[in-house]
Protein chains: 4
Amino acid sequence: MRARTFTESGRRAQIVRAAIEVIAEAGYAKASFSRIAKQAGLSSTGMISYHFAGKDDLLAACVAEIELVTGAFMQPRIDAAVGHVAQLRAYVEANVALVGEHPAEVQALIDLVKNAGSRSDAVNGRLALFEEHFRTGQAAGVFGAFDARTAALSLTAGLDAVVATAAAAVPGPTELARVGRELADLYVRATAPESAGGSA
Amino acid sequence: MRARTFTESGRRAQIVRAAIEVIAEAGYAKASFSRIAKQAGLSSTGMISYHFAGKDDLLAACVAEIELVTGAFMQPRIDAAVGHVAQLRAYVEANVALVGEHPAEVQALIDLVKNAGSRSDAVNGRLALFEEHFRTGQAAGVFGAFDARTAALSLTAGLDAVVATAAAAVPGPTELARVGRELADLYVRATAPESAGGSA
Amino acid sequence: MRARTFTESGRRAQIVRAAIEVIAEAGYAKASFSRIAKQAGLSSTGMISYHFAGKDDLLAACVAEIELVTGAFMQPRIDAAVGHVAQLRAYVEANVALVGEHPAEVQALIDLVKNAGSRSDAVNGRLALFEEHFRTGQAAGVFGAFDARTAALSLTAGLDAVVATAAAAVPGPTELARVGRELADLYVRATAPESAGGSA
Amino acid sequence: MRARTFTESGRRAQIVRAAIEVIAEAGYAKASFSRIAKQAGLSSTGMISYHFAGKDDLLAACVAEIELVTGAFMQPRIDAAVGHVAQLRAYVEANVALVGEHPAEVQALIDLVKNAGSRSDAVNGRLALFEEHFRTGQAAGVFGAFDARTAALSLTAGLDAVVATAAAAVPGPTELARVGRELADLYVRATAPESAGGSA
DNA sequence: AATGAATGAGATTTCATTCAT
DNA sequence: CATGAATGAAATCTCATTCAT
C-alpha cells in the first residue's frame with residue numbers, strides 16, 4: 001500500500017551504487033553478481049536477483065542513476081550557453097570537467113555504453129540529440145553542410161574516448177580544463193561553416 | 001618447400017578465421033572456445049588449446065591476421081596520397097571503404113580493440129601514429145596548433161565508431177564512399193590551420 | 001542459539017565426510033570434486049566450490065576434521081601414560097588401535113599427509129612433537145643418545161606405514177592390539193639408553 | 001631381424017631418463033606425458049605412447065631403471081657385510097649414502113613407491129626381503145623375537161622417509177654419513193635380542 | 001524483505017591416447 | 001621410427017538464477 005520510493009527501499013540504491021563502483025574499478029566484464037554483492041556488503045547474490053529482474057535490469061538502473069548524477073552536473077552548464085556553437089562547446093567542456101567530479105560514474109558509464117552497444121537508449125539518445133543539434137544549427141547557418149549523422153557518431157565517440165582516458169588517470173583541474181577546451185576547439189572547427197575568406 | 005607463415009598449419013588459420021567470425025557475429029564477450037570450436041567444425045575445445053597457448057594467444061593471432069588483411073587494403077591507398085592532409089583523408093576514406101571489403105574483420109578488430117583497451121599494441125600503435133602524423137604536419141605548417149594527443153585520441157575513436165556502425169549494417173559502395181568523404185572532410189576541417197581571413 | 005563450529009552448516013560437514021570417504025576408498029589422486037559430489041549426493045560440483053574456497057580449502061577442512069576425531073580418541077590414552085617411555089608406547093598403541101575405530105579417517109589422513117608433503121602443518125607438527133619428546137626424554141635420561149630428528153622422522157613414517165597397512169585391511173581387535181604392542185616394543189627398544197649390563 | 005637392446009632403440013632409455021628427472025623435480029602428480037616429452041626434447045607425446053603401452057608401463061620402466069642404478073651402488077656394500085646385523089646396517093647406510101650419488105633417482109623412486117602403493121613389486125619385494133632377513137636372523141639368534149612383518153614394514157618406511165628428506169636438500173657427505181650411522185644404530189637397537197642383563 | 005543454499009550450464013585447461021602420414 | 005594433429009573425457013571454478021525458509 002505504501003508508495004515505492006524511486007530506488008525502492010534503499011537496497012536497490014545500495015546495489016546500484018556498488019555495481020557502479022565495481023564496473024568503474026574492475027570493468028564491465030568482471031562485474032559479476034558475486035563481486036557486486038561483496039562490494040555492497042551483501043552476503044548473497046540472491047538479494048540482487050530479488051531486487052532486479054536480471055542483469056540487464058541492474059545495468060539499466062546503473063545507467064539511469066549515472067545519468068541522473070551527470071545530468072545534474074552538465075545540464076546547467078549547457079543551458080547557460082547561448083547559441084548552437086556555444087552549447088556544443090559547453091557540452092564538451094562540461095563532459096570533460098565531469099571527470100574531475102565523478103570519475104567512477106564516468107568510467108562506469110562509458111564501459112556500460114561500450115558493452116551495451118547500440119541497444120542502449122542512453123547511447124541512441126545522446127546520438128539523436130547531437131544529430132538534431134547539428135541539423136538545427138545547420139538550418140540556422142552556424143554549422144557547415146556536413147552529414148549530421150556521421151558527425152554526431154564520430155564526435156560523441158571521440159568525446160567518450162577522451163573522457164575515458166582522462167578518467168583512467170584523472171589529471172588536475174587545470175589540465176582537465178585545457179583538454180576540454182582543446183577538444184571543444186577541435187569540434188567547433190570541424191563543424192564550422194566554410195569561412196567567407198577561407199582557404200580554397 | 002615454402003616456409004611456414006605465422007598463422008599457417010591449416011588448423012591454426014582455420015581457428016583464427018572461425019574466431020574472427022564469431023567475434024564479428026556474437027561479440028567479444030560471447031566468443032568462447034566452445035563457440036569458436038563449433039564455428040570451426042571442431043569436436044572439442046581441446047583442439048584450440050592445443051594450437052594456442054591460451055585465449056590471449058588466440059586473440060593476438062586474430063589481431064595479427066586482421067591487421068595483415070586490412071593493411072594490405074589500406075596501405076597502398078595511404079601511400080598513394082601526398083602530403084599530411086591528403087594522407088589523413090586517405091586513411092579515413094580507406095578505413096571506411098574497408099568495411100565494404102572485409103566487414104567481419106573490421107567489426108571483429110574494433111571489438112577486440114575495445115576490450116583489449118590500452119594494453120593492446122594495435123591501439124597504442126595507431127594512436128602514436130596519428131599523434132606523430134599531426135605533430136610533423138604541424139611543424140610543416142599544414143595543421144593547426146591543436147593538442148596532437150587529444151586530437152589523435154578523439155579522431156581515431158570517432159573513426160572506429162563510424163566504421164563499426166557501417167560494419168553492423170553494410171551500406172552500398174556509393175553510400176560508403178560518401179560517408180568516408182564526409183568523415184574525412186570533418187577531420188580535415190578540424191585539423192586545418194586558422195585560415196587567413198578566418199572567422200572573427 | 002548455539003554457535004557454529006568449524007565444519008558445521010550441515011552441507012559443509014557432509015561434503016567433508018564425503019571427501020574423507022572418497023580419499024579413503026579411492027585415494028588422494030582420484031578424489032576429484034565430481035567423485036566427492038557424487039558421494040555426497042550432490043547434483044553438481046558447483047556446490048563444493050560454493051562451500052569451499054578451493055580444493056586446498058576442502059582438504060584442509062578434511063585434515064582438521066580428522067584430527068578432531070582422532071585427537072578425541074588418542075589424546076586421553078596418551079595423557080593417561082606417565083613418563084616419556086610410557087607415553088611413546090601409548091601414542092603408538094593408540095594410533096594403531098585407532099584403525100579399529102576410524103579406519104576411513106586414518107587411511108584418508110595418511111594419504112593426505114603423504115601428498116601434502118612437508119607443506120602440511122599436521123606433518124610438521126607431529127614431527128616436531130616427537131623430536132621434542134625425544135629431546136626432553138634424553139635430558140631426563142630415559143632415552144639414549146640418538147639423533148632426535150632422524151629418529152622422529154623415521155619412527156613417525158614407520159608408524160604411518162603400519163597404520164596404513166592395517167587400515168587397508170582392518171584385522172580384528174586382538175590382532176590390532178598385538179601389532180600395536182609389537183611396534184611400540186620396537187620403538188621402545190630403538191630409543192632405549194644403553195643398558196648397564198648390555199650386550200657387548 | 002636385429003636383436004632389441006635392453007632399452008629398445010635408445011629412445012626408450014631417453015624417455016625413461018626424462019621421466020625420472022621430471023618426477024624428481026616436479027613430483028609424481030605433475031609427471032604428465034607433456035612434461036616428460038618436453039624434458040626429453042620430444043615434440044609430441046605420441047612418441048611416448050608409441051614406445052610404452054601406457055603410463056603404468058613407463059613408470060614400471062622407470063622403477064626398473066632406478067633399481068638398476070641403485071642396486072649397482074648398494075649391492076656391493078651390502079654383500080661386503082658379514083652377518084645379519086652388519087648387513088642390516090650396511091643396507092641402511094648404503095641407502096642413505098646413495099642420496100649423495102643419485103639424488104634424482106632416489107627422490108623419484110620414493111615418489112613412485114608412495115604412489116604405486118602396495119601394487120608395486122618393488123615395494124613388496126623389498127618388504128619381503130626385509131621380513132625374510134629378520135626371520136633368518138631371528139632363527140640365528142642375532143635378532144630379537146619381534147614380529148618380523150611389522151618391523152619390516154615400519155623400518156623400510158622409516159628409511160624411505162629419512163632418505164626422502166635428505167634427497168630434498170642434499171647435505172654434505174659427512175652429515176649424510178652421520179645420519180646413515182644414526183639410523184642404522186636406531187634399527188640395530190630396535191632389532192637387537194634382549195640383552196643378558198636386560199632392562200631394569 | 002531477506003538469507004543462504006542449491007542448481008545446471010558453461011568457462012578454460014590438461015590429460016592420455018590414437019591415427020594418418 | 002617419428003611426427004603432429006585430433007579426440008573426448010575430466011579437471012576446477014564461476015556464473016546467473018531459483019527456491020525454501
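Sequence lines set the chain letters: A, B, ... in the order given, protein chains first and strands last, and positions in each chain run from 1. Please read these numbers as outputs of a predicted model, since none were measured by experiment.
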Test Val22(D) against Lys30(D) for side-chain contact (heavy atoms from CB on, under 4.5 Å), laying out the working first. CA-CA 8 Å; Val22(D) 168; Lys30(D) 299 284 184 62; 5.9 Å; no
Run Ile66(D) and Leu112(D) through side-chain contact (heavy atoms from CB on, under 4.5 Å) and show every step you take. CA-CA 11 Å; Ile66(D) 295 172; Leu112(D) 281 164; 4.1 Å; yes
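Summary of the strand contacts: Gly41(C) and Ala31(B) both lie near DNA chain E, and taking for each the nucleotide with the nearest heavy atom, the more 5' one is attributed to Gly41(C). Nearest-nucleotide positions on DNA chain E for Asp56(D) and Gly46(A) put Gly46(A) closer to the 5' end.
One cannot find a donor-acceptor pair under 3.5 Å joining the base of dC15(F) and the side-chain atoms of Thr45(A). No N or O donor and acceptor, one from the side chain of Ser34(B) and one from the base of dT12(E), sit under 3.5 Å apart.
With distances taken from any side-chain atom of Met47(A) to the nucleotides dT7(E), dT3(F), dT3(E), the minimum falls on dT3(E). If you check dA2(E), dT17(F), dT12(E) against the side chain of His51(A), the one that comes closest is dA2(E).
Partner assigned to dA9(E) is dT14(F), using Watson-Crick or G-U wobble distances below 3.5 angstrom. Remark: dT21(F) base-pairs with dA2(E); criterion is Watson-Crick or G-U wobble with both hydrogen-bond distances under 3.5 Å.
Using a cut-off of 4.0 Å between Lys/Arg side-chain N and Asp/Glu carboxylate O, Asp160(D) and Arg126(D) are scored as salt-bridged.
Separating the CZ atom of Phe33(D) from the P atom of dT14(E) is a distance of 17 Å, rounded to the nearest angstrom. The CG-P distance, from Leu42(D) to dA2(F), rounds to 9 Å in whole Å. Distance Phe52(B) CZ to dT12(E) P: 14 Å, rounded to the nearest Å. Rounded to whole Å, the distance from CG on Asp57(A) to P on dA16(F) is 14 Å. Remark: P of dT14(F) and NZ of Lys55(A) are 15 Å apart, rounded to the nearest angstrom. Per the geometry, CD1 belonging to Ile15(B) stands 10 Å off P belonging to dA5(F), to the nearest Å. Atom NZ in Lys30(B) sits about 16 Å away from atom P in dC15(F), given to the nearest Å. When rounded to the nearest whole Å, the span between NZ of Lys38(C) and P of dA9(F) equals 14 Å.
When the side-chain nitrogen and oxygen atoms of Arg11(B) are compared with OP1 and OP2 of dA6(F), one or more of them lie within a distance under 4.0 Å. Of the side-chain N and O atoms in Ser49(B), none sit less than 4.0 angstrom from OP1 or OP2 of dT14(E). Side-chain nitrogen and oxygen atoms of Tyr50(C) include at least one within less than 4.0 Å of the OP1 or OP2 phosphate oxygen of dA5(E). For Ser43(C) and dG8(E), the shortest distance from a side-chain N or O to OP1 or OP2 is below 4.0 Å. A close approach under 4.0 Å does occur between a side-chain nitrogen or oxygen of Ser32(A) and OP1 or OP2 of dC15(F).
In plain terms, the two heavy atoms of Gly54(B) and Phe33(B) that are nearest each other are C-CZ, 4.2 Å.
Side-chain contact between Leu59(B) and Tyr28(B) is present, with heavy atoms from C-beta onward closer than 4.5 Å.
Side-chain contact check for Arg11(B) and Gln14(B): at least one donor-acceptor pair (N or O, by modelled atom type) lies under 3.5 Å.
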